[in-house]
Amino acid sequence: MPTDSFGRQIDYLRISLTDHCNLRCVYCMPLQGLTFAPSDAYLTPAELEKVVRAAAGVGFRRVRLTGGEPTLRADLLDIVKRIRSIDGIEEIAMTTNAVLLPDLAKPLKEAGLNRVNIHVDSLDPERVRRVMRFASFDEIWRGITAAEDAGLTPIKINSVVVRDFNEQDVVDLAKLTIQRDWHVRFVELMPFGSGECARISLSKYVPNQETRERIEDALGLLEALPNENVSDESKNYQLPDARGVVGFISPVSEPYCDTCNRMRLTADGKFHLCLLNDDEVDVKAALHNGGDIESLRQILLRAVQSKPTGHKLHEGVSTQHRQMFQIGG
Ligand code: SAM
Ligand code: SF4
C-alpha cells in the first residue's frame, strides 16, 4: 500500500467525474459566473479505467465517484463496470444528490456500485429549495428510496449545516436514524476560493459541537461508537434505542489530516493532493501521450509522496484555484 512522506497509508481514490451539477447549493455553486472545464478535458471511461488500474496496482482498494454531480455523466454505467472489473478494488461508492437515482440506482447496482452517500440538507421542502436551490425534496427522497431498494447500502446521508438556513433541521435529520439503519452525518462548512460561496462558508459556519448539543437537547445523549476504520472522517454516535448512526464530520473544528488516506482526481485529470490546498500533479498529459500503466503508477506515487501534512484553515489558508464542485469533497 502506498505510504506518503508522513507515514500515512493512502489507498482511497476519490474521482470527480464532472464539474457540472443539476443543483446550485448556496455554499457550493453560485448562480452566476461559473466556468466549467472544456468538454474535451474530461477523462474518458477508458482513461479513468487506466488510472484506477494503476492505482489498484500500487495498493489502492477503494474508489469513490463524485463531482459536481456524477450521475450527470451519460457514460456513468460504463465507468462503474470498468472499475468493477479491476482486481484489487474492493469497494466502489458514489456521492450524489440523488435526484437522478430513481432511474439509475438499480442499473448502478448491477454495474457494480456498492453504495451511495446522499447529500440532503433538510427534510423541509421549503428549506431544501432555499439551500440546494434547484432541488425538490420529493425528488431527493425518491432517490434515497430507490438507492435503498436497489441495495446500495448502508445509506449514508450527508448534511452540511449552514447558519440561518438549516441549523434547526439537524434534529429531524438525526431522528431518521431512530427507525432506520442509515448513517446521518453532519458536515462543517469549508471555504474554497474567495467568491460568494467562500463568503457564505465563512459567515454561516456552524461548529459541529453546537450541532451535537442541539441534537442531544432534543433527542437524548449520543453514545460514542468505535470507528470501524481509523481513516473514517466521521466521528460516530448513536441515539438512545436507535437503529442507525449519527456522525459528525468536522474538518474545521477537529481536523483529521493525520489519518488522511485519500488521493483525489479532478474531472480534468489532475491528482489534487489535499482538499484544502492547491497542489496538484497532472496525469492527463501522460494519458493523452499514451502513457502506459507503469508511467501512471509512477505519477500516482509521486502525487502520494507530495501530499501535504495537513490543511491550514486555522491560518486562513485554503484552496484558491478550485471550488468544491471541481474537486468533489
Ligand atoms: N453533488 C454531489 C453531492 O452533493 O453529494 C457530490 C459532490 S458535492 C461537492 C460533495 C459534498 O460536498 C456534498 O455532501 C456537499 O454537501 C459537500 N460540500 C459542498 N460544498 C461544501 C463546502 N463549502 N463545505 C463543506 N461541504 C461542502
Ligand atoms: Fe451540486 Fe453537490 Fe455542489 Fe450541491 S454540493 S451544488 S449537489 S455539487
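Whatever order the structure lists ligands and atoms in, that order sets their numbers, starting from 1.
- Regarding atom 10 (C) of ligand 1, its nearest protein heavy-atom neighbour is G328 O, 3.8 Å.
- Of the candidates M324, M132, M190, the one placing a heavy atom closest to atom 23 (N) of ligand 1 is M190.
- Atom 7 (C) of ligand 1 has as its closest protein heavy atom G68 O, 3.1 Å.
- Judged by the shortest distance from any of its heavy atoms, E188 lies inside the 4.0 Å radius around the atoms of ligand 1.
- With salt bridges taken as basic N to acidic carboxylate O contacts below 4.0 Å, none links R130 and D164.
- Under 4.0 Å is where a charged nitrogen must lie from a carboxylate oxygen, and between K235 and E254 at least one such pair does.
- Between E126 and R129 there is no salt bridge, since no side-chain N of the basic residue sits under 4.0 Å from a carboxylate O of the acidic one.
- Partner E280 forms a side-chain hydrogen bond (donor to acceptor under 3.5 Å, both in side chains) with one of H321, K270, H272 and no other, that one being H272.
- A cation-pi contact, defined as under 6.0 Å to the ring centre and within 45° of the axis, is absent between R264 and F271.
- Ion pairing between R8 and D258 fails under the 4.0 Å rule for side-chain N and carboxylate O.
- Protein N/O/S atoms nearer than 2.8 Å to atom 1 (Fe) of ligand 2 total 1.
- Contacts between T96 and ligand 1, counted as non-hydrogen atom pairs separated by less than 4.0 Å, involve the backbone only.
- Contact check on R84 versus E110 returns no salt bridge, with no Lys/Arg side-chain nitrogen under 4.0 Å from an Asp/Glu carboxylate oxygen.
- For atom 21 (C) of ligand 1, the closest non-hydrogen atom of the protein is Y27 CD1, 3.6 Å.
- Not one N or O of C21 is nearer than 3.5 Å to an N or O of ligand 1, by distance alone.
- Between R180 and E148 there is no salt bridge, since none of the side-chain N atoms of the basic residue sits less than 4.0 Å from a carboxylate O of the acidic one.
- Within the 4.0 Å heavy-atom criterion, both parts of T95, backbone and side chain, lie near ligand 1.
- Considering backbone and side-chain atoms together, H119 places an N or O closer than 3.5 Å to an N or O of ligand 1.
- For the pair R82 and D78, the salt-bridge criterion is met [side-chain N within less than 4.0 Å of a carboxylate O].
- A salt bridge between R127 and D169 is present, with a side-chain N of the basic residue lying under 4.0 Å from a carboxylate O of the acidic one.
- For ligand 1, the polar-atom distance check against E69 finds a nitrogen or oxygen pair separated by under 3.5 Å.
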